[in-house]
Amino acid sequence: MNPDVGKVLRDALDAAATGAVDDARRPPPFDPLHTPRPGPPRRRRNWVAPLLAAAAVVLVVLAGVSVVHVFGTDRGQPAAASDRASSISSAGSTPPTTTPSSKPVVPAKPVHVSLFQGDGQTYGIGMPLIAQFDKKVTDAHAFNQAVTVKVNGQPVQGAWFWVTSSSGYAMEAHYRPQQYWPAHSKIEMAMPIKGISAGKGLAFDDSLTLQINTGAAHVSTVDGSTEKMSVTSDGKSVRSLPVSLGQASTPTYLGTKVVMAKTNPQLMVSAPGEANPYSLKVPWSVRLTNSGEFVHAAAWNTGNIGSRSTSHGCTNLTVTDAQWFYNFSQIGDVVTYANTGTQVAMPSWDGFGDWNVPWTQWQAGNLLKN
Amino acid sequence: MWGAEVDVPALYVTHWRAMVRLAVLLVDDVHSAEDVVQDAFVALHRRSHTLRDPAAAVAYVRASVVNLSRSVVRHRQVVRKHLRVAEPDHVDGADFHVLLSAEHREALAALRELPRRQQEVLVLRFWSGLSEAEIAETLGISAGSVKSSASRGMAKLSKMLGGAR
């Protein structure tokens with residue numbers, strides 16, 4: 001056994017476990033009547049119903065046959081025999097004409113939808129629309145047909161991408177067009193899905209609408225080879241800011257990131273097991289990934305900003321520049337990264353990594369088929 | 001009320017976090033992990049009259065967590081296959097809100113490449129810190145299988161992590 005690999009694995013597991021479930025997380029009250037998860041047990045139950053239905057049909061048929069047999073039916077009295085058969089079967093527990101395909105017995109389970117965005121808000125041009133579901137949707141077809149998105153009154157050829165939620169919901173769907181949204185525009189979404197199918201035995205239980213706006217087109221390009229960040233607004237270059245990106249051991253992800261949140265100051269804590277642990281309140285922090293990449297002020301790193309990549313993955317700016325970028329940024333703005341010393345692009349699930357999924361793959365729908 | 005029997009609510013409070021962490025390493029998302037742990041403690045609650053020893057109770061919960069996690073992952077794979085969906089590049093880590101270093105991400109990704117049994121053995125060995133005998137009991141396999149799973153798993157990990165450098 002290689003002791004190094006063991007140590008790396010131990011540290012990685014430790015970091016992942018503590019990162020996913022931090023010390024502040026409290027157990028929900030213990031509930032001995034907790035109903036088991038939907039999963040294998042529920043599937044078993046699903047087997048039982050059709051079997052019962054089939055058994056009922058067999059009984060009905062048998063009853064019919066035996067009645068016919070007892071009455072020795074010839075051409076003479078078929079009506080009487082069949083009347084008899086149906087009255088026998090209706091005396092049983094199942095209705096007389098039940099066939100396995102008649103289904104309205106079990107009401108569909110409700111799937112509740114909520115939206116990440118709020119009406120009337122203004123976002124950057126990279127903002128995906130995000131719908132959150134309290135149960136897993138298993139079929140997206142009815143949803144896709146019902147939901148419409150318009151920009152300035154014109155229908156958009158976008159698509160929904162179905163993902164596991166990173167914020168506690170059972171599932172999420174992200175909607176985006178092929179290119180960024182147009183700037184200074186009005187986005188309207190109608191989601192009249194109440195009562196329609198979300199898959200076998202599932203139906204949406206609410207209908208929603210959303211109206212949001214896009215602001216100026218803010219696209220910033222960060223280049224690790226020059227340690228510079230070029231900021232543009234509506235296509236015009238606004239500033240060029242010197243940066244320091246992630247060092248070789250903790251490189252900054254490549255690809256297209258979207259501003260998720262702004263915090264001043266933001267508490268940043270090292271991953272457990274990291275060689276030089278830290279816990280800092282960092283001013284002027286603009287969040288780009290769930291895993292913890294920010295664009296932020298790094299007064300302690302001034303000597304390297306503009307010349308060398310020395311951070312833990314964040315984009316370090318001088319305090320003045322960081323304050324400016326913080327005030328300039330809107331949620332949904334786009335920041336792209338090139339030459340960061342890694343081949344790894346930001347994963348689509350690590351925040352609003354939606355633009356890193358190729359368009360054809362996006363249209364396919366991911367977890368559900370579009 | 002509980003008398004000599006195992007005090008399940010007390011065990012729940014004490015061991016909940018460690019069990020959810022174990023589950024999250026096996027199923028890769030916090031939501032499923034919490035469900036798994038709830039179910040494991042419910043199972044313990046049902047059996048509490050037959051268990052007298054808190055240590056045995058913890059071992060019982062741990063074994064339930066490993067088994068239930070395996071079912072969750074299997075169910076997920078079946079669903080995915082059934083829907084004929086292209087495997088997403090990463091299924092793991094969706095909600096690891098932490099500054100995981102590249103080295104750690106790489107190690108976890110490599111771990112996910114191993115057969116299920118080897119993953120379980122390595123997580124119980126390196127994260128839970130169990131002995132071979134304890135792992136054997138948790139998984140219901142022989143000590144020899146634990147040993148061979150661990151060494152095969154480690155060999156593959158060394159190769160993957162060494163090769164990527």
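Labels below follow one simple rule: chain letters A, B, ... track the order of the sequence lines, proteins then strands, and each chain is numbered from 1. The analysis underlying the following values was restricted to heavy atoms, covering all of them including side chains, and did not include hydrogens, waters or symmetry mates.
The residues B:Arg76 and B:Asp28 are annotated as not salt-bridged, no charged nitrogen and carboxylate oxygen being separated by less than 4.0 angstrom. Salt bridge status for A:Arg10 with A:Asp14: absent, with no side-chain N to carboxylate O gap under 4.0 Å.
In terms of non-hydrogen atom pairs under 4.5 Å with chain B, the most contact-rich of A:Ser249, A:Gly313, A:Pro251, A:Pro28 is A:Pro28.
Interface remark: B:Val123 contributes backbone and side-chain atoms alike to the contact with chain A (heavy atom separation under 4.5 Å). Proximity to chain B (any heavy atom under 4.5 Å) is restricted, for A:Pro29, to the backbone atoms N, CA, C and O. With a threshold of 4.5 angstrom between heavy atoms, A:Asp23 approaches chain B through its backbone and through its side chain.
Atoms OH and CD, from B:Tyr60 and B:Glu137 in turn, are 13.5 Å apart once rounded to the nearest 0.5 Å.
No more than 12 heavy atoms of other residues, nucleotides or ligands lie within 6.0 Å of CZ in B:Arg152, so this atom counts as exposed by the packing criterion.
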